[in-house]
Amino acid sequence: MELIRLENVCKSYRRCNLEIPVLQGVSLMVARGELVALVGVSGSGKSTLMNILGCLDRPTSGRYWLDGQEISSASADERAVLRNTKIGFVFQNFNLLARTSALNNARMPLDYSPAHPSDTDSSRHAEKMLHLIGLADRMDHEPAALSGGQQQRVAIARSLINRPSLLLADEPTGNLDSRTTEDVLRMLQRLNEVEGLTIIIVTHDENVARHAQRIIRMKDGVIVDEGPPAQSQRAPGGETASLLPPPGAQSHAGASQLKDTARAARTALRGLRRNVMRAALACLGIIIGTAAVIAMMELGGGSSRSIEQSIASLGASMIQIDPADVSVAGVSSGRGGRATLTMEDAEALRSECGVLQNVAPSVDCWGQVTYGNRNWRVGRILGATPDYLAVRNWPVAEGEPFTMDDVRGSAAVCLIGRTVADKLFGAESPLGKEIHLRGVGLKVVGILGRKGANVMGQDQDDFLVAPLTTIKFRVTGQRQATQSAVASFSTGSANTRSQVYPSQQSPLYPPQSSSLATDTPQLVRFSDLDDVWVAAGSPQNIPLAIRQITAVLRDRHHIQGGAPDDFKIRDHTEIAQTFAATSQVMTNLLLVVALISLIVGGVGIMNIMLVSVTERTREIGIRMAVGARARDILRQFLIEAVVLCLTGGVVGILLGRGVSVAITALLHWPTLPSLPAIIASVAVAVTVGIIFGYYPAWKASRLDPIEALRYE
Ligand code: ADP
Ligand code: MG
């Protein structure tokens, strides 16, 4: 039965626009189980013919059947599968993969086998094969550490590992001494006799040819003679035991894609390990890019969070109601020119606006605070109710807050901020000490927690708060008294606190006690407030709260349809939004810069991969010769690029985290680790690897096997 049939096969090479005919009409038939020697002087076209027989090269014209299948019309992938399953090729110059162990060299065809043997099966099979071929103690040697004969035997093991039906050996003994030649020839002969392997040996050595059943002689690209050798040196038969180990267990092709990818990943990793330094340099761009992205994102996140926090410390859901200037007949009275916000307004807001959680009226005060021989001009002094601390979400760090009872009784107590405490008391504890504000003694009952600077940069801890009535009656009472003297004169009525702040409407604030009335006999027109602070619960409630406040106050102040409000409502959402938008713009800008560096890093990867493909052209040729298809090569190089980028990405993430930790430690800038940024960086690194690795990988996969093998 015939295995090979060639019909009028021609092959010519083009050189400088000149057709050089190498094979000029070769017709040949080789039966299954034959051992044929192909002899001829150097340059007669033997290797060219072998390459065509081995499906590495295509004839220019003519037809070739292998095992009944027409080859000249087969696609590149079909030929790769044929090379892998039906043909074993032993090259004149071995063509082993450098810096790869004998074992891995021998098992390489199994890596591309359509039967998808498992990894352990492949290795075990290759071990058996090397054992058989007498290299049991050289499995992990690389070709450079093997003698010529040993390399040749590894090459033979590789060619036999897939149990091909055709073995092509191009001058297999050309580089060997006579004893090794004899060994190799005897082995081939036994394979032919015991296994029924069809073998074609190219040789220029008549002694070698004598081992064959048939000798084909070539000259100038044509077959000039064929026939049995003059004196046959066929070794006597006898041994019939199978020489080759049985093929390893074959798995189903089910998970083949996954397996192929895992195998390609292993091959890629081996490839990278061989050149760690270059891989590291190739990654550098990606490392720097990713580190920049991570550090930027963490810094940006940290700064927006600190802005958020400082806005929240103002009270994110806080609304401040000021008495506005009112114009009477076109004349503005200026801010605070008229008392438009009253205690009754505050009480009405508390009872009528459902959305408000806390309502805190307050009055302002300015002045020097003294303690012993120290004094300090406090940035902000407020008279307020305990609700003020709730609205501002401001805890008392030491001591106790003052109570509603203190407000009712105008108690001479106060809470001070951290800055005031430091300025007046230094290391001393302020609790229980009496300080003086405008000559009025106030006992410090508590110290407020530290709030730091607000978004305007003002120190919020430079602060003193006392009960509203204390500030009103005792501290600023004098001023009120003077004003009220004028007022009472003009209205002609004697004002009392109970008159303008009636007890029946507001039982929280009882009428002035007689002793207090004695202390400040002229206290009048107590009604005006400088601010009302309210908490809307959450920032989302703010618009509704503003609507309710406006409705209640306009109604109470009898403001007609089109007339302007006589109060001003301020909240901090606008500030928050402005800052958020600003920091977003900054973060985005930095991200663009970081992304550009990632692209630059990607170009670096592409550059290295292109160099690597060129440098490894021979490796690609060898892999293709043993049956790797274009997509196997593509996958291998693509995975290499992705692994490079991914490694770069991971190192970059660690570096970026390190940078942000260092920045926090050294510069005390706030940073915020960001999981989305890390995930995004990994995704971008992989994408960069695929995008920039694709072209080099594609270029590698498009190589012609015989061209790649010839590449020097
Ligand atoms: P052999 O193996 O019999 O020594 P080859 O088949 O290698 O001979 O080469 C036969 C002829 O073809 C030689 O003259 C050689 O110069 C030519 N040849 C081989 N390969 C190429 C090529 N890639 N390009 C041009 N000429 C080639
Ligand atoms: Mg040759």
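Whatever order the structure lists ligands and atoms in, that order sets their numbers, starting from 1. Side chains included, hydrogens not; waters and symmetry mates left out as well; all remaining heavy atoms used.
- Taking the six-membered ring where the residue is Trp, the centroids of Y694 and F692 are separated by 6.0 Å or more.
- Within the 4.5 Å cutoff, the side chain of L56 has heavy atoms near those of the P705 side chain.
- Between T48 and ligand 1, an N or O atom pair is found at a separation short of 3.5 Å.
- Listed by number with element, the atoms of ligand 1 under 4.0 Å from a non-hydrogen atom of S42 are 4 (O).
- The shortest N or O to N or O distance between V22 and ligand 1 is not under 3.5 Å.
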* Asked: Yes or no on side chain to side chain donor-acceptor pair (under 3.5 Å) for S123 and R107, after CA distance, side-chain angles and deciding distance?
  -> CA-CA 7 Å; S123 288; R107 60 165 272 186; 2.8 Å; yes
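- Among protein heavy atoms, the minimum distance from atom 19 (C) of ligand 1 is reached at Y13 CE1, 3.6 Å.
- Put simply, the side chain of L709 does not reach to within 4.5 Å of the side chain of R618, judged on heavy atoms.
- Near G45, meaning under 4.0 Å from any of its heavy atoms, are these atoms of ligand 1: 1 (P), 3 (O), 6 (O), 8 (O), 10 (C).
- No donor-acceptor pair under 3.5 Å is formed between the side chain of T290 and the backbone N or O of S681.
- Atom 16 (O) of ligand 1 is not flagged as protein-proximal [any protein heavy atom, distance under 4.0 Å].
- Scanning the protein heavy atoms around atom 1 (P) of ligand 1, the nearest turns out to be G43 N, 3.5 Å.
- No heavy atom of G40 sits closer than 4.0 Å to any atom of ligand 1.
- The protein non-hydrogen atom at the shortest distance from atom 3 (O) of ligand 1 is K46 N, 2.8 Å.
- At least one N, O or S atom of S47, from either the backbone or the side chain, sits less than 2.8 Å from the Mg ion (ligand 2).
- Summary of contacts: the protein heavy atom closest to atom 2 (O) of ligand 1 is S47 OG, 2.7 Å.
- M218 has its side chain within reach of L23: a pair of non-hydrogen atoms, C-beta onward, lies under 4.5 Å apart.
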* Asked: Please walk me through it: do E615 and R278 pass salt bridge (charged side-chain N to carboxylate O under 4.0 Å, His left out)?
  -> CA-CA 13 Å; E615 194 191 72; R278 194 169 69 186; 3.2 Å; yes
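- Applying salt bridge (charged side-chain N to carboxylate O under 4.0 Å, His left out) to E640 and the options R616, R270, R266 leaves one that passes, R616.
- Under 4.0 angstrom from ligand 1, the non-hydrogen atoms of R710 all belong to its side chain.
- When only modelled atom types and interatomic distance are considered, S118 and D121 share a side-chain donor-acceptor pair under 3.5 Å.
- Using a non-hydrogen distance threshold of 4.0 Å, R14 does not register as a contact of ligand 1.
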